[in-house]
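Chain letters run A, B, ... following the sequence lines, proteins first and then strands; every chain starts at 1.
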2 protein chains.
Amino acid sequence: MKHSDDYFRRLAFDEAPTGLVLTENRIIRICNRRFAELLGYHVEDLLNQSFRIFYGSDEEFESIRDVGLSKLQETGGYTDERLIRHRSGQGIWCQFRARTLNPDAPLERVVMSFAPINEAQTLRLSKRERQVLDLMNQRLTSKEIARRLGLSPRTIDDVRGRLIKRFGLRRAEDLLSQLRGASH
Amino acid sequence: MKHSDDYFRRLAFDEAPTGLVLTENRIIRICNRRFAELLGYHVEDLLNQSFRIFYGSDEEFESIRDVGLSKLQETGGYTDERLIRHRSGQGIWCQFRARTLNPDAPLERVVMSFAPINEAQTLRLSKRERQVLDLMNQRLTSKEIARRLGLSPRTIDDVRGRLIKRFGLRRAEDLLSQLRGASH
DNA sequence: GTTTCATGCCGTATTTATACGGTATTGATA
DNA sequence: TATCAATACCGTATAAATACGGCATGAAAC
């Protein structure tokens with residue numbers, strides 16, 4: 001069976017692993033299932049509702065508006081970690097991302113994504129570990145990586161050793177073959 | 001001007017702040033602009049292409065398939081940090097999330113999201129900081145928070161003090177008013 | 001066969017987050 | 001006015017990540 005682009009787009013949007021919502025001047029125009037779930041609603045409950053319903057007071061609703069506004073104007077995007085509250089009262093920490101469709105009128109149309117922060121994540125890499133793995137992925141040796149990062153080759157071996165121990169591998173290379181999400 | 005749900009859904013999907021892609025047995029059926037951009041392509045280049053094009057060899061393409069497969073079967077979802085490679089050769093670390101539409105045939109239909117990890121993020125909270133802020137958000141005092149977490153009240157004050165210093169605030173409360181993404 | 005690379009094990013040092021103690025001050029509130 | 005909450009500043013202690021050094025081994029490359 002062959003499906004249309006629209007069919008697949010609708011599927012992808014609704015079943016996306018992150019909460020997605022588009023607002024016009026803080027009014028929800030569309031959101032997906034995951035977003036509604038995160039807050040304890042159904043999608044139909046939220047369409048054409050103001051974001052005001054998520055806040056306890058007008059003041060709170062007003063003051064939150066300006067958080068990240070300048071970033072939206074300058075770069076078109078904004079991201080932080082924030083605490084949303086499920087209808088049941090439970091707090092949920094989310095990686096929050098916003099993108100404005102018009103930086104000159106930042107709140108006119110905004111697409112936001114909310115992804116729960118997974119505390120119990122097995123795979124958590126530090127900045128240094130990501131740097132080293134990136135360069136390992138480019139087939140550089142420890143010595144070359146060290147030069148690039150201005151460190152001792154010994155330190156790169158430390159990072160490799162740490163990864164090997166932490167993830168129970170034989171070679172640091174083995175981690176890369178799990179992490180290459182897309183590469184040529 | 002009044003627009004249809006489909007219009008808004010299309011806008012939200014295409015302009016989402018995270019890369020989104022739906023695959024059927026690892027064939028791309030739909031993806032958004034951000035996803036194509038992350039890899040250096042245009043959306044039209046990618047439609048109905050196999051994910052194979054992102055990998056250097058058949059072996060790599062095959063071996064990556066099984067990463068997270070069991071998690072997809074068990075829970076319907078999988079997330080990790082992975083390194084994607086832009087067409088230009090630049091490596092980009094992404095927070096990767098996958099959700100299968102059918103856990104019994106995990107790869108039949110999968111929606112994936114790719115969000116670049118922002119190394120230079122100003123706001124980075126530790127697990128403990130998130131726990132304390134969550135409970136502060138519930139109007140608990142340091143003493144009450146300490147009891148909940150099985151810690152000394154003194155330690156909660158430490159966390160508050162750290163946040164105040166790090167973010168240049170007068171009161172730890174001030175951070176919360178910036179982080180309440182949605183609460184009642 | 002010698003060099004190179006990755007790994008493994010020995011050590012030291014610094015920084016940061018966490019956790020705790022005491023004490024003092026301010027501001028709200030009972 | 002007395003109490004409590006939050007803050008500020010003094011201290012100590014541990015654990016983990018980072019960074020570096022030396023040295024030994026095994027495997028692959030030249």
Counting only side-chain nitrogens and oxygens, does [X] get under 4.0 Å of the OP1 or OP2 atom of [N]?
X        : N      : value
A:Ser126 : D:dA17 : no
A:Arg128 : D:dA19 : yes
A:Ser142 : C:dC5  : no
A:Lys143 : C:dC5  : yes

Could you state the atom-to-atom distance from [atom1] of [X] to [atom2] of [N] in whole Å?
X        : N      : atom1 : atom2 : result
A:Leu140 : C:dA6  : CG    : P     : 10 Å
B:Arg139 : D:dA6  : CZ    : C1'   : 15 Å
B:Glu129 : C:dT16 : CD    : P     : 14 Å
B:Arg171 : C:dA28 : CZ    : P     : 10 Å
A:Glu173 : C:dA6  : CD    : C1'   : 10 Å
B:Leu133 : D:dA6  : CG    : P     : 13 Å
B:Leu125 : C:dA17 : CG    : C1'   : 13 Å
B:Lys127 : D:dA15 : NZ    : C1'   : 15 Å

Might you list the N or O atoms of the protein lying below 3.5 Å from N or O atoms in nucleotides 24-30 of chain D, with each pair's distance?
none

Of the candidate nucleotides D:dA6, C:dT7, D:dT7, which contains the atom at the shortest distance from the side chain of B:Ala172? D:dT7

Taking the minimum atom-to-atom distance to the side chain of A:Arg160, which one of C:dA17, C:dT7, D:dT7 wins? C:dT7

Is the shortest side-chain N to carboxylate O distance from [X] to [Y] below 4.0 Å?
X        : Y        : answer
B:Asp58  : B:Arg52  : yes
A:Asp174 : A:Arg171 : yes
A:Glu37  : A:Arg34  : yes
A:Glu129 : A:Arg166 : yes

Less than 6.0 Å separating the ring centroids of A:Phe114 and A:Phe35? yes

Strand contacts (DNA chain D) in residues 145-157 of chain B, 4.0 angstrom heavy-atom criterion: B:Arg154, B:Asp157

What residues, two or more places apart in sequence or in another chain, satisfy side-chain hydrogen bond (donor to acceptor under 3.5 Å, both in side chains) together with B:Gln90? none

Given DNA chain C, 5'-ward residue of the pair A:Asp158 and A:Leu169, judged by closest heavy atom: A:Leu169

Which hydrophobic side chains are connected to A:Leu101, either touching it within the sub-4.5 Å cutoff or through other members that do? A:Tyr7, A:Phe8, A:Leu11, A:Phe13, A:Leu20, A:Leu22, A:Ile30, A:Val43, A:Leu47, A:Val111, B:Tyr7, B:Phe8, B:Leu11, B:Phe13, B:Leu20, B:Leu22, B:Ile30, B:Val43, B:Leu47, B:Leu101, B:Val111

So, using side chain to side chain contact (heavy atoms under 4.5 Å, CB included) as the criterion, who are the partners of B:Arg139 when residues are at least two apart? B:Glu173, B:Arg180

Show me, pair by pair, the donor-acceptor contacts under 3.5 angstrom made by side chains of residues 145-155 of chain B, not counting sequence neighbours?
| unit_1 | atom_1 | unit_2 | atom_2 | d |
| --- | --- | --- | --- | --- |
| B:Ser152 | OG | B:Arg154 | N | 3.0 |
| B:Arg154 | NH1 | B:Asp158 | OD1 | 2.8 |
| B:Arg154 | NH2 | B:Asp158 | OD1 | 3.2 |

Between B:Gln95 and B:Thr79, is any side-chain donor less than 3.5 angstrom from a side-chain acceptor? yes

